[in-house]
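Labels below follow one simple rule: chain letters A, B, ... track the order of the sequence lines, proteins then strands, and each chain is numbered from 1.
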Number of protein chains: 2
Amino acid sequence: MTKIQDLDKLDKEILSILMKDAKIPYTDIAKQLFVSGGTVHVRMKKLEDLGVVKGSRLEVDATKLGYDITSFIGIFLERSNLYHKVIEEVKLIPEVVSAYYTTGNYSIFAKVCCKDTMHLRELLSERIQAIEGIQRTETLIALEESINRPITLTKD
Amino acid sequence: MTKIQDLDKLDKEILSILMKDAKIPYTDIAKQLFVSGGTVHVRMKKLEDLGVVKGSRLEVDATKLGYDITSFIGIFLERSNLYHKVIEEVKLIPEVVSAYYTTGNYSIFAKVCCKDTMHLRELLSERIQAIEGIQRTETLIALEESINRPITLTKD
DNA sequence: GTTGAAAAATTCCGCCG
DNA sequence: CGGCGGAATTTTTCAAC
């Protein structure tokens, strides 16, 4: 398993820059960090090969695309060993953008994006509650997204 | 306010491709969608100007960077009108990657990334619980990230 | 880690339907 | 006006040092 010890300050500085904006040219980063463009390229190649970098994504404004309701759904299972079976069903629902197996109140915790309240209601009653093994769910509706940012890497 | 009516099928197809991988060259997208590279460029410029595209981010494997514990923290406020004041304090904590104002059990719902359980314990007791206006918190630890993907845009 | 040169992509602009 | 095509500029990529 690969760990931090393989990463030096330069690797982390490159990552910090690209985590905020993946489209910054390597040549710009090279200038900022006083190394050559080739070096940035080699480091990124290494980080990709190590699996530290998994890819890049465009950040979009869900509201402007018509997805007005972001909500979190806490799922209670009938038995906790149903987790894998249930998560496979959840994966088939495109509105689910993330899902975690968690300790605490819920067994599964998912984030979903819906167009409006009707869409959310249908999703809950017809798609999620319909999954075998789910006992009940609790929904938290996000009224405002106050923070959404990448991890801050420490310098050392 | 800008809405979907300004976006046609081509815009959405471009977005769908880039939401999965922001580094795909515009020329490749142009080939896939049978338009010129210039057109993809113009559309993306429009989408950025409209604020539909907010930026791009590198996806990293937090575990490989030494952040082993992802958890969700539900925050109960003493009074709900303390929201803005509290969220400003929460913003100052770098381990918090997202936070939402929510309906339901909690007033604020945050996601945090910590290096280990000790780091999480310190964060909770010394940084979060120390914020004035927070009554109590509930923590859900994510044992496994099963799904993490962009919204699926519908074709129409 | 660096350099430099070839290949590719971005970006801009004039032209056309 | 939106889309196309080509040319100038930048960036990526890769070999040799």
- Query: Which of these passes salt bridge (charged side-chain N to carboxylate O under 4.0 Å, His left out) with A:Lys91: A:Glu89, A:Glu95, A:Glu88?
  - Reply: A:Glu88
- Contact check, residues 18-40 of chain B vs DNA chain C, heavy-atom distance under 4.0 Å, returns B:Pro25, B:Tyr26, B:Thr27, B:Asp28
- Whole angstrom value for the distance that separates C1' of C:dT10 from CD of B:Glu48: 13 Å
- Task: Examine C:dT10: is either OP1 or OP2 under 4.0 Å from a nitrogen or oxygen in the side chain of B:His41? Give yes or no.
- Result: no
- Query: Just wondering, do A:Thr139 and A:Ile141 contact through their side chains at under 4.5 Å, heavy atoms?
  - Reply: yes
- Message: Could you tell me how far apart B:Asp11 (CG) and D:dG2 (C1') are, to the nearest whole angstrom?
- Response: 12 Å
- Note on the structure: Interatomic distance, CG@B:Leu77 vs CD1@B:Ile131, rounded to 0.5 Å, equals 10.0 Å
- Message: Using the ring centroid of each side chain, check whether B:Phe109 and A:Phe109 are separated by less than 6.0 Å.
- Response: yes
- Do the non-hydrogen side-chain atoms of A:Thr70 and A:Val112 ever get within less than 4.5 Å of each other? no
- Would you say A:Arg43 reaches C:dG1's phosphate, i.e. side-chain N/O to OP1/OP2 under 4.0 Å? yes
- Item | Pairwise side-chain hydrogen bond (donor to acceptor under 3.5 Å, both in side chains) hits with a residue in residues 121-135 of chain A, at least two apart | A:Gln129-A:Thr137
- Message: From CD1 of A:Ile14 over to C1' of C:dG1, roughly how many Å is that when rounded to an integer?
- Response: 12 Å
